[in-house]
Amino acid sequence: MGYLENKFDIIVAGGGHAGCEAAISAARLGAKVLLCSLNLDNIALMPCNPAIGGPAKSTLVREIDALGGVMGEAADATYVQMKMLNSSKGPAVRALRAQSDKKEYMAYMRNVIESTDNIYLKQCCITDLLVKDERIVGAVDEYGNEYTAPVVILTTGTSLDGRIFIGLKSYRAGRLGEMPAIGLSDSLRNLGFTVKKLKTGTPCRVDKRTVDYSKMTVQPGDEKLHFYSFKPNRPTRPQVPCYLTRTTEETHRIIKENLDKSPMYQGLIHGVGPRYCPSIEDKIVRFASNPSHHIFIEPEGLGTYELYIQGFSTSLPADVQVKMVRSLPGLEKAHIIKPAYAVEYDYIPAIQTTHSLMTKRIKGLFCAGQINGTSGYEEAAAQGLLAGINAYNYINGSEMLELSRSSSYLGTLVDDLVTKDIEEPYRMLTSRSEYRLLLRQDNADARLTEIGYKVGLVDDLQYNRFRAKQAEIKREIEILSDTKVSATSEVNNILAKYGEHIDRGIRLAELLKRPNIDYNVIKELNYETAIRELSDDVTDEVEVLIKYDGYLKRQEIQVEQASKLEKYHIPDNIDYSKIDHISTETKEKLEKIRPKTLAQAARIGGVKPADISVLMVMLKG
């Protein structure tokens, strides 16, 4: 078939968070995009927790926004609760979390897609890839329709040859109530890709009318709101509370007595599950000495009775799930609307892709999201955005956007995926970044807006606002650094409330570095020469930059030192087997990953410092 309506620049297979960002970014840049989804009514679905953000993930969302993506805007427009986590801790680990209205989020993203020129929707399953001379030329759907395109982006989520498990029963599905994507895995294997399996799961949903909140601890949202998007005019919406309950001795007894009915413990599930988000039966077994575990009760939205039972993921049988849920305080009479389940699905280990997210084996084939072995909406959306940008760059012969570890969490995420042979679902954590103090959620715009503007996804209005904000931050730091406060009784009376005292005049910037002093105290001192009408975004950033100045400079030195190895580029055609003085095991690892730089080679598990020294001598020679 060569019909004009079947000719596109880019085909995106999958309408989840990665697929949405990929399609929108590529289309906004000017590409003609076909977005294929198994069910168009489930575009941007949150099949697990209806929430955006949390530790490390909030930084990814802010980075998506700074680069010109959509997730931050959608989260701001549809939240039912906003909460800053770790607010009493340092800025490197503070994390915004939005409890989202599931249906509203999907509607918002669907509206963005349908109002974006150049995106064509199709409800179908891509089952085969068309390849010529190791380059993508198109794809085929389940009905036999052929679509021509020089680029295909695979964002298949958990649908790729997915199988759901509830107890010892299983059936083919990507998510509860949705068919799996069948055929594409075989196509990928035939093209020479290694395809493996991973596992994830989700808790049951219960009817909120059958819940007794009086037996739980209320978890309200924040009075002072923070948002993901750096754009202005963010909505103030009424917030609803979440609730906290705990597992009981009875819960643990029920689970232990029914482990023989768990598909995971009976060896029916072969895929590895997420270590950082284990099932409740896994928690009970692995942490047997812990008498109780936190369980959060969260709304799925304002227009539904469904509640999400966070921390209670399981694949035990449906009848056992009823007993388990009703053993929790406040849920003794709970009615289960949807059962919990585990899902096993295919993925392509991302060491088969480059930092651009294009595969090494087939030019024009990009992968983003769970197909790369990640877990989480935020990780998927960030990859989708990057894949969409690079897909457009590929068809236009432009330089690929490859972000460094020192520039962003997205750069760290991608580098980990393509460098480390990951065997479990990858979740972004602050501990994964060696530069986490530099890569905070509050300064994502400072790090990435210039790149988003250069790419073409950040418009002039947003870019000019960014420039104005940076100028305000710089000016305020200068004023606070130049303005002195005198050691008067009036000043010390104010400072005494915060456990502080000064014996001599001190610059406001130096005062702000003290642990007990924040920007509000500076305002309270009422130095009009220093205090102007500034947004919270500006003052929060000023406070971090001043208070942590020494630590930031130390980390900048680490970046500079690490960048020395980044300058050693390894030739694409290098034959590792012919290099003397490194072990056979190291040669195999280097051949498998084929790192681009000496720095990337040093991050490969099992590659020793001595091996890097040998490579350095060889490259210098």
Would you find a donor on one side and an acceptor on the other, under 3.5 Å apart, between the side chain of [X] and the backbone of [Y]?
X: Asn443; Y: Leu438; value: yes
X: Ser100; Y: Lys102; value: no
X: Gln321; Y: Leu316; value: yes
X: Arg205; Y: Pro203; value: yes
X: Glu63; Y: Ser408; value: no
X: Asp101; Y: Leu302; value: yes
X: Glu344; Y: His270; value: yes
X: Glu378; Y: Gly53; value: yes
X: Tyr341; Y: Leu176; value: yes
X: Arg447; Y: Ser407; value: yes

TODO: Could you walk me through whether Asp65 and Lys231 pass the side-chain contact (heavy atoms from CB on, under 4.5 Å) test, one step at a time?
DONE: CA-CA 9 Å; Asp65 189 77; Lys231 300 180 181 69; 3.6 Å; yes
Task: NZ/NE/NH1/NH2 to OD/OE distance under 4.0 Å, Arg97 and Glu298 - done: yes
Open item on the list: Between Glu541 and Lys469, does any side-chain N to carboxylate O distance fall below 4.0 Å?
Closed with: no
Taking the side chain as C-beta and beyond, is there a heavy-atom pair between [X] and [Y] under 4.5 Å?
X: Arg163; Y: Lys199; result: no
X: Cys367; Y: Thr359; result: yes
X: Tyr105; Y: Ile52; result: yes
X: Pro299; Y: Tyr243; result: no
X: Leu385; Y: Leu67; result: yes
X: Glu73; Y: Tyr108; result: yes
X: Thr354; Y: Val418; result: no
X: Tyr305; Y: Glu300; result: no

Distance-minimising heavy-atom pair for [X] and [Y]:
X: Leu439; Y: Ser406; value: CD2-O, 3.3 Å
X: Gln239; Y: Met82; value: OE1-N, 2.7 Å
X: Ala387; Y: Ala368; value: CB-CB, 4.0 Å
X: Ile336; Y: Cys204; value: CG2-CB, 4.0 Å
X: Gln99; Y: Ala51; value: OE1-CB, 3.9 Å
X: Ile126; Y: Cys36; value: CD1-SG, 3.9 Å

Side chains of [X] and [Y]: donor-acceptor distance under 3.5 Å anywhere?
X: Thr158; Y: Gln370; result: no
X: Thr314; Y: Glu281; result: yes
X: Thr374; Y: Gln383; result: yes
X: Ser292; Y: Arg246; result: yes

Nearest 0.5 Å please: distance from the [atom1] atom of [X] over to the [atom2] atom of [Y].
X: Ile11; Y: Leu365; atom1: CD1; atom2: CG; result: 11.0 Å
X: Leu386; Y: Ser356; atom1: CG; atom2: OG; result: 7.5 Å
X: Ile280; Y: Leu328; atom1: CD1; atom2: CG; result: 8.0 Å
X: Leu457; Y: Leu29; atom1: CG; atom2: CG; result: 4.5 Å
X: Lys596; Y: Glu402; atom1: NZ; atom2: CD; result: 3.5 Å
X: Ile284; Y: Thr251; atom1: CD1; atom2: OG1; result: 7.5 Å

Taking [atom1] in [X] as the centre, count heavy atoms belonging to other residues, nucleotides or ligands within less than 6.0 Å. Is the count above 12?
X: Tyr213; atom1: OH; result: yes
X: Tyr548; atom1: OH; result: yes
X: Lys360; atom1: NZ; result: yes

TODO: Quick one: list whatever passes side-chain hydrogen bond (donor to acceptor under 3.5 Å, both in side chains) with Lys420, sequence neighbours left out.
DONE: Asp416
Task: side-chain hydrogen bond (donor to acceptor under 3.5 Å, both in side chains) partners of Lys89, counting only residues at least two apart - done: none
TODO: Kindly determine whether Asn372 and Tyr426 satisfy side-chain contact (heavy atoms from CB on, under 4.5 Å), including the steps that lead there.
DONE: CA-CA 9 Å; Asn372 282 338; Tyr426 179 100; over 6 Å; no
Open item on the list: Taking side-chain contact (heavy atoms from CB on, under 4.5 Å) as the criterion, tell me which of Asp76, Val61, Val70, Asp445 meets it with Ser229.
Closed with: Asp76
Task: Residue among Ile24, Val33, Leu40 satisfying side-chain contact (heavy atoms from CB on, under 4.5 Å) with Ile113 - done: Ile24
Open item on the list: With side-chain contact (heavy atoms from CB on, under 4.5 Å) as the criterion, how do Met216 and Val211 come out once you've worked through the C-alpha distance, each side chain's angles and the decisive distance to 0.1 Å?
Closed with: CA-CA 10 Å; Met216 303 177 186; Val211 172; 3.5 Å; yes
- [ ] Could you walk me through whether Glu566 and Arg405 pass the side-chain contact (heavy atoms from CB on, under 4.5 Å) test, one step at a time?
- [x] CA-CA 11 Å; Glu566 294 286 359; Arg405 295 182 71 88; 5.6 Å; no
TODO: Establish, for the pair Arg237 and Tyr79, whether the NZ or CZ atom is under 6.0 angstrom from the six-membered ring centre and no further than 45 degrees off its axis.
DONE: yes
Open item on the list: Classify the ring geometry of Tyr453 against Tyr463: parallel below 30°, tilted from 30° to 60°, perpendicular beyond 60°.
Closed with: parallel
- [ ] Could you give me the CA-CA distance, side-chain angles and deciding distance for Arg62 and Asp537, then say whether salt bridge (charged side-chain N to carboxylate O under 4.0 Å, His left out) is met?
- [x] CA-CA 13 Å; Arg62 288 268 179 91; Asp537 289 346; 5.8 Å; no
Open item on the list: Run the salt bridge (charged side-chain N to carboxylate O under 4.0 Å, His left out) test on Arg94 and Asp442 for me, step by step, so that the C-alpha distance in whole Å, both residues' side-chain angles and the decisive distance to 0.1 Å come before the verdict.
Closed with: CA-CA 9 Å; Arg94 290 174 198 159; Asp442 60 89; over 6 Å; no
